[in-house]
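Since the structure comes first, as structure tokens, the remarks are kept for the end.
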Amino acid sequence: MTMRNKLVVGNWKMNGSRPANAELLAGILAARPFAAADVAVCVPFPYLAETAATLAASNIRWGAQDCSAHEHGAYTGEVSAAMLFECGCRYVIVGHSERRAYHAESDQLVADKAKAALARGVTPIVCVGETLAQREAGETEAVVKRQLSAAIHTLAHCAGEMVVAYEPVWAIGTGRTATPEQAQAVHALLRAQLRAATARADEMKILYGGSVKPDNAATLFAQPDIDGGLIGGASLKAADFVAICRAAH
Ligand code: PEP
């Protein structure tokens, strides 16, 4: 079996301020090194430059939480992948369930954003996940496969370059985590779908997200197809985020 380095990514969402960010990043920097785990923070756009300056000399990466599917032009309010690359972003989250829900992002738009990111050298973290109603209706597999399939087909021969994040919507910000077994079952399905599409499937990272905390991270990360986490609420406190990064090895 291929060994995959774990990856832990903080998703700050629309949180932070210059003083709070400085304190949080200082706390993360002070806790290094994180053994075998790669660590990144995805911050609001206005903080990218400062984050880059703070983390530049470290091995902590940074990224954004969304990007445009377009290259440039008359798209007021949007931010292009090229701009993110210029700001040193290694990653960009695309298709987070909050954007799918509140900004009506379709599977195809998410896939187009992932393609735009890859074209500019920024690794897309493509989020998939079912709602509670979909889980209860037995639709989990169909939903996540449909979401991932759009990205696979649009990225084509580059599909192996994306990071996938499985985030059950019912577990995001709710304190209700998928059990390690529930998460692993979906990760295994996603891995199988990736294997059918790319020879690189066994090297690809599939992150779990949804109320990951210091006390549940280690058992989640111990699952064979869980390659790390996308961390929301717990990424805003240095001690919690650091503990989660340490649980990844
Ligand atoms: C997220 O929004 O990506 C997330 C996983 O949030 P939380 O950890 O707060 O559930």
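Nothing here was measured: the structure is a model prediction, and the numbers come from that model. Just follow the structure's listing: the first ligand is 1, and inside any ligand the first atom is 1.
- Judged purely by atom type and a 3.5 angstrom limit, N11 has no side-chain atom pairing as donor or acceptor with the backbone of G232.
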Report the C-alpha distance between Q108 and T154 in whole Å, list the side-chain angles of each, state the deciding distance to 0.1 Å, and finish with yes or no for side-chain hydrogen bond (donor to acceptor under 3.5 Å, both in side chains).
CA-CA 8 Å; Q108 189 56 50; T154 300; 3.0 Å; yes
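- Under the salt bridge (Lys or Arg N to Asp or Glu O under 4.0 Å) criterion, R99 pairs with D66, E105, sequence neighbours left out.
- The pair D225-R191 counts as a salt bridge, with a side-chain nitrogen and a carboxylate oxygen less than 4.0 angstrom apart.
- Neither the backbone nor the side chain of A234 comes within contact range of ligand 1; no heavy atom lies under 4.0 Å.
- Proximity of a side-chain donor or acceptor of H70 to a complementary backbone N or O of H72 within less than 3.5 Å is not detected.
- The closest protein non-hydrogen atom to atom 3 (O) of ligand 1 is E167 OE2, 2.7 Å.
- When atom types are taken as modelled, the side chain of Q65 and the backbone of K13 share a donor-acceptor pair closer than 3.5 angstrom.
- Distance from atom 4 (C) of ligand 1 to its nearest protein heavy atom, with residue and atom name: G232 N, 3.6 Å.
- For ligand 1, the atoms closer than 4.0 angstrom to any heavy atom of G210 are 5 (C), 10 (O).
- Annotation: S211 places an N or O atom under 3.5 Å from an N or O atom of ligand 1; distance criterion only.
- Residue N11 approaches ligand 1 through these ligand atoms, each under 4.0 Å from one of its heavy atoms: 1 (C), 2 (O), 3 (O).
- Given atom 1 (C) of ligand 1, the protein heavy atom at minimum distance is H96 NE2, 3.2 Å.
- Every atom of ligand 1 is numbered from 1 in the order shown, and the set under 4.0 Å from a heavy atom of K13 is 1 (C), 2 (O), 6 (O).
- Side-chain contact between L132 and R176 is present, with at least one heavy-atom pair separated by less than 4.5 Å.
- Both the backbone and the side chain of I172 come within 4.0 Å of ligand 1, counting heavy atoms alone.
- Checked by atom type and distance alone, the side chain of R18 never pairs as donor or acceptor with a backbone atom of E50 at under 3.5 Å.
- Ligand 1 has no nitrogen or oxygen under 3.5 angstrom from a nitrogen or oxygen of K213.
- Summarising the contacts of atom 9 (O) of ligand 1 with G209, S235, G233, the nearest heavy atom is found in G233.
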What verdict does the side-chain hydrogen bond (donor to acceptor under 3.5 Å, both in side chains) test give for E130 and W170, after you've listed the backbone C-alpha separation in whole Å, the side-chain angles of each residue and the deciding distance to 0.1 Å?
CA-CA 8 Å; E130 81 288 2; W170 47 272; 2.8 Å; yes
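- Atoms of ligand 1 found under 4.0 Å from any heavy atom of A171 (numbered from 1 in listed order, with element): 10 (O).
- Atoms of ligand 1 lying under 4.0 Å from at least one heavy atom of G173, given by number and element, are 7 (P), 9 (O), 10 (O).
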